[in-house]
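Computed from a prediction, not measured in an experiment: that's the story for all the values here. Only heavy atoms go into these numbers, but all of them, side chains included; no hydrogens, no water, no symmetry mates. Start at 1 and go down the list; that is how both ligands and their atoms are numbered.
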Amino acid sequence: MVAGDVQELVDGVRAGDRRALARAITLVESTRPDHRRDATAALDALLPATGTSVRIGISGPPGVGKSTFIEAFGTHLTAAGHRLAVLAVDPSSARSGGSILGDKTRMERLARDPQAFIRPSPAGTELGGVARRTREALLLCEAAGFDVVIVETVGVGQSELAVADLVDVFVLLASPTGGDDLQGIKRGIMELADLVVVTKADGDLASSANHAAADLRRAIHLLRPKYDGIGTDTVLVSATEGTGIEAVWTAITAVHAHLAATGQLATLRAGQAKAWLWDEIRSGLLEQFRARPATQAALPALEAAVVAGDVSPTVAAQQLLGGGGTIAP
Ligand code: GDP
C-alpha cells in the first residue's frame, strides 16, 4: 500500500466507514511485514482519535449465554443511540481455525444493526497474538466513532487475563446453575470482575439464578475489592426476556464513571499501555531471534537434544541466545 492508500484508509476509518474499518482491522491482523508497516502507520495516524469509548470485557464459559446476552445488550445500547463494536478474543480459534463469532447464527440481529460492528477473532494465531491484534482493532473501532466496545472471550484458560488487560470494565457471566463450587470460576478470574452477571434468570431457572447470585455475592464479599471506593455488583439477567439488561449498563457506567472521576481509569489505561509496550518488545525480540540465521542453524539440533534429555533447556537457551551456539560433541 502506498502512503496515499494508507491516508485514504485512515480518512475512511475517521469518517466511520465500516468497510474502511473492516479493511483496517484486516491490515492489523496480517503478519506480512509490509502490512504490519502500513498498519502501524495507520494506527499512529489514528491514535489521537482513540481512547474515547467505554471498553467492556465480557467473559464466561461456553453455553453461559454470552452471545444471547451481547445481542440483547447490544441492541439495547444501539436503540439508546450508542454505536457498538464487538470484538472477540478466542483462544480456541487459534487451535481449530474456527471462531466464537464466526458462526453466522450468533447475534444475527446485532449483525444487521447499522449501529453495530461485529468482528470475529482472527484465526490461526496464538492467544498473545490475538490479544495484541484485538487491542489494535479496539483502537480502530474507537477512531471510527464507536463509543462502546465489547471484547468477548470464552472463559477458558488465560484469555480472561488477556482481555482484562484490554478493557476498562470486566464483566463475568455466570450460569444460574452454579452450585456451591461457584461453577468452577477460579478465584483469580473472580478477582478480575468489576461486575458479575447471572444469566438465564427466567422461568424454571429463576430460583436457581437467585441462589447462584447469593452464592456469588458471598464469595465476592470475601475478596479484596479491586478498586478503592467501589465494589463488584452481581446482577440477574434474562437475555431472552430482556430483564436486567438496563441494570447491567447502569452498573458498567457507574464503575466507569467512578474510575474516570477518581483518576483510576487513567492509571489503569496507562498501565495497560505500558504492558502493551513490553508485549510488543517481547514479541519483536522473539521474532528477531527466530529470524536470525544463527538461530535457524542451531535450533533444530539443540531442540532435539533438549527433547532427548542430552542438553538442559537452560544451557540450550543460553547457547542460542549467546550467538547461535553449537552443541558440544
Ligand atoms: P454462549 O456459548 O456463552 O455464547 O451461550 P449462548 O448465548 O449461545 O447460549 C447458550 C444457550 O443458553 C442457548 O441455548 C440459549 O438459548 C440459552 N440462553 C441464553 N440466554 C438465555 C436466557 O436469558 N434465558 C434462557 N432461558 N436461556 C438462555
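The protein non-hydrogen atom at the shortest distance from atom 12 (O) of ligand 1 is K200 NZ, 3.0 Å. Protein heavy atom closest to atom 4 (O) of ligand 1, with residue, atom name and distance, is R106 NH2, 2.7 Å. For atom 8 (O) of ligand 1, the closest non-hydrogen atom on the protein side is S67 OG, 3.3 Å.
A salt bridge between D165 and R135 is absent, with no side-chain N of the basic residue lying under 4.0 Å from a carboxylate O of the acidic one. The pair R37-D34 does not count as a salt bridge, with every side-chain nitrogen at least 4.0 angstrom from each carboxylate oxygen. We find that E29 and R119 are joined by a salt bridge, their nearest charged nitrogen and carboxylate oxygen being less than 4.0 Å apart. Salt bridge E280/R133: present, at least one basic N to carboxylate O contact under 4.0 Å. Taking the charged nitrogens against the carboxylate oxygens, R290 and E287 have no contact shorter than 4.0 Å, which rules out a salt bridge.
Taking every non-hydrogen atom of K66 and a distance limit under 4.0 Å, the qualifying atoms of ligand 1 come out as 1 (P), 2 (O), 3 (O), 4 (O), 5 (O), 7 (O).
Some N or O of G65 is nearer than 3.5 Å to an N or O of ligand 1, by distance alone. Taking any N or O of T240, backbone or side chain, at least one lies under 3.5 Å from an N or O belonging to ligand 1. Looking at A239 next to ligand 1, an N or O pair under 3.5 Å apart turns up.
To the nearest 0.5 Å, atoms CG (L84) and CD1 (I150) are separated by 4.5 Å.
For atom 10 (C) of ligand 1, a protein heavy-atom neighbour is present inside the 4.0 Å cut-off. Distance remark: protein heavy atom present below 4.0 angstrom from atom 27 (N) of ligand 1.
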Full working for side-chain hydrogen bond (donor to acceptor under 3.5 Å, both in side chains) between Q264 and T262: CA-CA 5 Å; Q264 293 180 94; T262 54; 2.9 Å; yes
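When the options D202, V64, I70, T68 are ranked by their closest heavy atom to atom 15 (C) of ligand 1, first place goes to T68.
With hydrogens and angles disregarded, a donor-acceptor distance shorter than 3.5 Å links the side chain of D168 to the backbone of R55.
Look at G63 and you'll find a heavy atom under 4.0 Å from some atom of ligand 1. Proximity of S238 to ligand 1 is established by a heavy-atom distance of less than 4.0 Å.
A cation-pi arrangement is found for R83 relative to F146, the charged atom lying closer than 6.0 Å to the ring centre and inside a 45° cone about the ring normal.
For P61, every heavy-atom contact with ligand 1 shorter than 4.0 Å involves the backbone, none the side chain.
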